[in-house]
Amino acid sequence: MNPLIIVSHRVSRPQSSTAPGGLAVGVLAALRQCGGTWVGWSGTLADEPASSPQVSEDEGIRYATVDLPHSDFDAYYSGFCNGSLWPLCHYFPERFRYDATEYVAYQAINRRIASAVVSLGSVSHPIWVHDYQLVAAGRYLRAEGMNGPIGFFLHIPFPHVEMLRILPVYAELVRDLCQYDLVGFQTEQDLEAFRSAVRDVFGEEAIRAATHVVADGRKVGVGVFPIGVDVDAIAAQAAEAQSDDQVQRLVAGLLGRKLLLGVDRLDYSKGLVERFTAYRHLLESSPEHLGNITYIQIAPLSRVNVAAYAEIRDALEKAAGHTNGQYADTDWTPVRYLNKDFPHHVLLGFLRCANVCAVTPVRDGMNLVAKEFVAAQDPENPGALVLSNMAGAAHELTDALLVNPYDERAVAAALREALELPLADRRARHAKMLAVLRRNTIRHWHESFVATLRSSSQ
Ligand code: F6P
């Protein structure tokens with residue numbers, strides 16, 4: 001069987017010192033099991049980058065990475081990817097902006113990454129492209145003669161056509177997605193939204209079956225493949241990390257107080273401002289908790305050149321300062337807000353210590369932190385999960401305390417309920433959520449996608 005070629009904007013090494021996102025966790029798991037090559041950006045910009053990739057190997061995984069050109073990068077990454085597509089896919093039309101030259105840069109980078117794949121010479125190997133940064137790569141791969149099955153998985157939400165059509169080139173984007181043999185989504189809602197876009201671009205006759213659409217006579221497989229986690233590996237790493245120095249420092253710093261924890265990349269889609277307000281409502285309305293809980297929010301900076309991210313950073317600094325100014329005491333800081341990143345195993349160790357984990361994005365494709373929190377708990381004395389009903393994970397983790405993240409007083413009430421949840425209730429909820437995670441593991445995610453992809457071209 002031909003080994004897999006995985007393509008994504010960033011690649012992640014197994015021993016990276018920063019925490020990998022959901023995409024990297026999933027791809028690493030797939031490549032560890034099936035072997036293969038991971039193609040993407042080297043992390044370096046150059047004035048005239050070489051077109052052929054640098055190939056290396058790390059823990060049995062082959063990496064083929066390319067430098068990207070200075071001239072196009074900002075327009076591609078901060079522009080079309082994170083100024084146009086990201087806000088649109090997360091239903092933030094007010095943060096959406098469009099510049100045709102940025103779309104040209106997006107095409108140029110997609111073509112460059114596709115050429116790096118082609119230069120590996122494995123023309124009939126299955127290729128699995130990941131996420132919104134590389135939608136157009138499939139078209140270039142086909143044009144350059146790759147003739148194996150080519151699949152695409154979208155890690156973030158897909159917007160309904162009524163939102164998508166704000167993008168002037170939306171039809172071209174949908175046509176590009178229809179160049180793949182298989183297009184996978186996190187939830188049924190995302191797939192349904194994709195169908196709305198295919199219907200708009202190709203007409204009602206394109207929607208023929210649950211498993212595929214027909215675009216300009218091409219059969220394009222579609223499916224829902226919710227990304228999961230490796231429950232046993234996470235449980236073991238989280239338990240082992242209890243002896244890690246950083247985890248012990250966190251625990252010592254709590255001085256016996258309950259821990260409310262949030263772990264999110266700093267992004268407006270994560271609902272952090274709303275969460276900070278909810279926490280303030282909790283302190284206002286529950287004097288019995290004053291001095292008895294510490295909220296630690298870990299939020300490493302991201303996409304710092306995009307204006308919307310600078311704005312959200314300012315808003316959070318203000319909100320944390322406001323809450324601490326109002327409620328802190330000489331021996332208590334209610335919110336500890338950190339822009340620092342931690343290695344993945346340390347974060348798992350933190351998650352295991354949390355009495356309550358707040359995962360309240362206003363929109364999220366899946367959110368693996370929610371799943372990792374559940375897997376990291378001690379089943380004898382598990383913490384409670386407060387989860388946004390706007391995260392893909394809410395479709396599976398129905399035994400979390402589900403909230404609408406915009407309803408800040410309801411989130412405050414859920415946080416209070418979570419802090420006070422009796423042990424029997426926590427155990428029962430945790431056991432049910434763990435059973436769900438065991439049914440849909442990370443292994444199931446990549447195996448089912450790759451099996452469907454391989455069969456799509458037979
Ligand atoms: O999961 C969405 C995603 O954009 C991934 O594609 C990406 O690796 C991660 O978030 C982090 O984003 P960025 O690469 O922009 O820092």
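Atoms within each ligand, like the ligands themselves, are counted from 1 in listed order. The first residue in the sequence is number 1, and the count goes up from there.
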Novice: Does the plane of the ring in Y295 sit parallel, tilted or perpendicular to the ring in F276? Use 30° and 60° as the thresholds.
Specialist: perpendicular

Novice: Just to confirm my output: which protein heavy-atom neighbour is closest to atom 7 (C) of ligand 1, and how far is it?
Specialist: Q133 NE2, 4.2 Å

Novice: Does the Lys NZ or Arg CZ of R363 fall within the cation-pi geometry relative to F92 - under 6.0 Å from the ring centre and within 45° of the axis?
Specialist: no

Novice: Find all atoms of ligand 1 within a distance of less than 4.0 Å from any non-hydrogen atom belonging to I156, and give their numbers and elements.
Specialist: 2 (C)

Novice: If you measure from each non-hydrogen atom of H130 to ligand 1, which part falls under 4.0 Å: side chain, backbone, both or neither?
Specialist: neither

Novice: Which ligand 1 atoms, with their elements, are less than 4.0 angstrom from a heavy-atom of Y132?
Specialist: 4 (O)

Novice: Please indicate whether any nitrogen or oxygen in N82 is less than 3.5 Å from any nitrogen or oxygen in ligand 1.
Specialist: no

Novice: Could you tell me which atoms of ligand 1, counted from 1 in the order shown, lie closer than 4.0 angstrom to a heavy atom of W86?
Specialist: 2 (C), 4 (O)

Novice: Tell me whether the centres of the aromatic rings in Y77 and W41 are closer together than 6.0 Å.
Specialist: no

Novice: Looking only at protein heavy atoms, which one is nearest to atom 10 (O) of ligand 1, and what is the separation?
Specialist: R303 NH2, 3.6 Å

Novice: Among all protein heavy atoms in this structure, tell me which lies nearest to atom 16 (O) of ligand 1, with the distance rounded to 0.1 Å.
Specialist: R10 NH2, 3.3 Å

Novice: Using ring-ring contact (aromatic ring centres under 6.0 Å, His included) as the criterion, point out the one residue from F152, F449, F225 that pairs with W128.
Specialist: F449

Novice: Apply ring-ring contact (aromatic ring centres under 6.0 Å, His included) to the pair Y76 and H9, showing each step before the final yes or no.
Specialist: CA-CA 11 Å; Y76 152 77; H9 164 67; 5.6 Å; yes

Novice: Looking just at side-chain N and O atoms, do Q297 and Y279 make a donor-acceptor pair shorter than 3.5 Å?
Specialist: no

Novice: Counting non-hydrogen protein atoms only, what is the nearest one to atom 15 (O) of ligand 1? Give residue, atom name and distance.
Specialist: Y77 OH, 2.6 Å

Novice: Classify the angle between the aromatic ring planes of F194 and F185 as parallel (below 30°), tilted (30 to 60°) or perpendicular (above 60°).
Specialist: tilted

Novice: Write out the residue and atom name of the closest protein heavy atom to atom 2 (C) of ligand 1, then the distance separating them to 0.1 Å.
Specialist: D131 OD2, 3.4 Å

